[in-house]
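Shown next, in structure tokens, is the structure this report addresses.
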Amino acid sequence: MSTTIRTTATGTGTSMAPVVPTTGALTPLGLDEVGITEGFWADRQRVNGTATLAHVEHWLEREGWIRNFDLAAAGTLPEGRRGREFADSEVYKYLEAVAWEIGRRGGDDALESRFRSVVDRVAAAQESDGYLNTRFGRPGQGARWSDLEWGHELYCLGHLFQAAVARARTSPGADDGLLGIATRAADLICEVFGADGIQSVCGHAEVEVGLAELSRVTGESRYLDLASLFVERRGHGVLQDIEWGRAYFQDDLPIRDAEALRGHAVRANYLAAGATDIAVEHGDTGLLDALRGQWDRTIARRTYLTGGQGSHHQDEAFGEDFELPSDRAYSETCAGIASIMFSWRLLLEDRDVRYADHIERVLYNVVATSPSAAGTAFFYANTLHQRTPGESSPDDEVSPRASSSERAPWFDVSCCPPNVARTLASLAAFIATTDDHGVQIHQFASATIDTVVGGEHGGRFRAELVTEYPRTGVVSLRIVEAPTQALTVSLRVPSWADDARLVVQTASGSRDEHEVPTGYADVTRAFSAGDVVELSFSIRPRVTHPDPRVDAIRGTVAIERGPEVYCVESVDLPGGDESLARVEIDEHADIEEASDGRLTIVLRTRPVVDAAWPYADGFDAPGDADPFTASIAPYHSWAERGPSTMRVWIPTTRS
Ligand SMILES: [Zn+2]
């Protein structure tokens with residue numbers, strides 16, 4: 001089977017961005033075209049680039065996961081290998097993060113040499129036919145491809161391919177050899193798993209996105225064809241049944257027949273992202289429609305307020321529709337990142353603002369929540385209700401538990417830290433896009449934009465995006481240089497911004513101001529240097545109610561402000577943990593805002609009686625305790641002040 005990649009588009013495959021489709025409504029911009037300069041995300045990028053990358057490398061060495069490659073090269077691997085079956089993938093995600101970071105900085109000698117030294121160690125472990133995995137295939141180890149359900153060989157290669165793509169796009173022509181390592185491995189699996197090969201798939205989707213992007217970088221259509229085979233094979237019971245059912249690895253239903261994401265939340269989103277890549281490249285409208293429907297249903301019924309996904313701990317999986325209990329929220333950091341991957345691909349294809357709104361929600365409330373302020377400890381699971389304070393994780397010990405109540409430096413299964421690292425390093429690529437008519441701003445951060453717009457007859461477009469978002473709702477796009485012909489600048493008006501106004505102030509002194517609805521606010525004109533497009537909207541606290549079908553939080557409200565979800569933390573309550581368990585809120589009471597982003601709300605503590613049996617008539621008496629004020633902070637900053645309890649959803653006072 002062979003297909004031709006559509007090559008009509010504006011994307012070049014070499015843009016310095018993680019996802020570069022050859023066609024679609026929007027063209028992504030690379031890290032050489034958009035740079036985040038200051039503010040919320042610049043701070044996190046700085047911490048990521050300095051502290052987190054070094055931290056991840058330290059733990060990969062300490063746990064022996066890079067050394068596994070040395071042992072493979074030395075022939076002593078079976079006795080000495082450390083880590084879980086997917087440990088190789090964390091090394092590849094680290095390489096991907098470093099590649100983006102080098103691109104983001106426009107080069108960095110120290111990072112470059114660290115990158116090359118790890119690539120050399122990976123290269124030494126690759127076998128002559130292209131096979132690369134430290135867990136299988138050598139005397140004393142399981143045979144290659146003998147455990148597709150749990151072995152993660154193809155999953156690891158998917159991350160290798162993404163790392164190679166990042167490197168090829170940020171340092172084109174680099175002689176480190178990573179792209180060659182990736183294509184040799186990809187060529188091997190094209191033979192082994194092609195149309196006449198093993199008729200199965202990897203238990204953990206990921207190789208599909210890796211192959212699709214490797215195909216975009218190299219122009220090699222066989223990689224896309226193989227990704228397509230993997231997507232279409234899955235869902236026909238090709239993997240063995242397991243205790244959680246084949247839905248765990250999305251092998252229960254063909255992807256075209258599924259109505260929602262289900263099973264393991266990271267697997268489900270990685271698969272959907274890869275399937276979107278294939279559908280876009282093949283112009284497969286049936287598959288695209290199926291994926292859009294799955295996204296809609298998953299967002300409407302299977303996603304937490306934070307944008308997090310997955311409410312089952314045992315299998316890290318989606319629950320049923322509306323099964324979203326706060327205290328059992330798994331909401332794995334990687335599932336949030338995977339959801340961004342799926343949503344971003346649909347956004348590029350469709351230019352539908354809902355995808356950008358969701359990406360923002362996940363960025364502020366999952367991605368920003370995982371790393372500590374110092375960038376050296378992480379949440380793996382992201383609960384919305386912590387009932388017990390738990391214990392601090394020592395900063396020199398591996399956490400055996402994904403759902404620790406405090407951030408931990410590293411985990412036995414440590415997928416999340418390097419996933420956060422690669423996402424933050426490449427974040428500028430998610431800020432803005434272009435199309436034949438102009439420029440679109442999807443996420444708000446102070447940034448510089450320097451690109452070419454308007455197709456063949458267009459020209460250079462340079463602008464500065466200036467904002468203190470999310471502290472304020474004012475976003476200014478200052479034009480530095482623009483082509484002479486008219487173009488359209490579009491800024492996203494978030495779904496909750498119901499009073500947005502757009503001002504166009506030209507360098508020549510004219511001014512136009514009008515209200516704009518949510519969605520993309522468009523300004524079409526011939527821009528000149530000095531023109532300013534300013535979008536402004538109120539960022540005030542708002543009280544959010546759940547759909548009553550989310551039974552677990554019926555009768556509660558949450559506080560949001562702009563893109564940030566807030567939470568009540570016991571360390572901010574006079575009565576501490578005991579008080580947090582009993583608080584209730586008058587949802588109509590005023591909420592005061594402080595300049596640092598904290599909010600002051602009015603709470604009461606509901607009287608309770610410790611009884612031998614927790615079900616009786618008398619527990620429902622209305623609270624009569626005196627109201628008190630409490631200062632609350634964004635959810636992403638919780639658990640930074642020692643063990644605490646926390647809740648996002650607050651029971652309301654009954655009158
Ligand atoms: Zn993870």
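Treat the numbers as computed from the prediction; the structure is a model and nothing was measured. Numbering of ligands and ligand atoms starts at 1, following listing order. Excluded from the calculations below are hydrogen atoms, water molecules and symmetry mates; all remaining heavy atoms, backbone and side chain alike, are included.
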F342 six-ring face occupied by R345 cation (under 6.0 Å, within 45°):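 Pair R345/F342 does not count as cation-pi.
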Residue list, ring-ring contact (aromatic ring centres under 6.0 Å, His included) with W649, at least two apart or on another chain: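 With neighbours one apart ignored, the set is empty.
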Protein N, O or S atoms lying under 2.8 Å from the Zn ion (ligand 1), listed by chain and number: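 The answer is E332 OE2, C334 SG, C415 SG, C416 SG.
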Partners meeting side chain to side chain donor-acceptor pair (under 3.5 Å) with D412 (sequence neighbours left out):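 Result, side chain to side chain donor-acceptor pair (under 3.5 Å) vs D412: none returned.
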R62: salt bridge (charged side-chain N to carboxylate O under 4.0 Å, His left out) partners, not counting sequence neighbours: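 Listed in chain order: nothing, the list is empty.
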R301 bridged to E259 by N-O distance under 4.0 Å: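 Salt bridge absent between R301 and E259.
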Aromatic ring proximity F136/Y131, centre distance under 6.0 Å: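 No, the ring of F136 stays outside the 6.0 Å limit from the ring of Y131, centre to centre.
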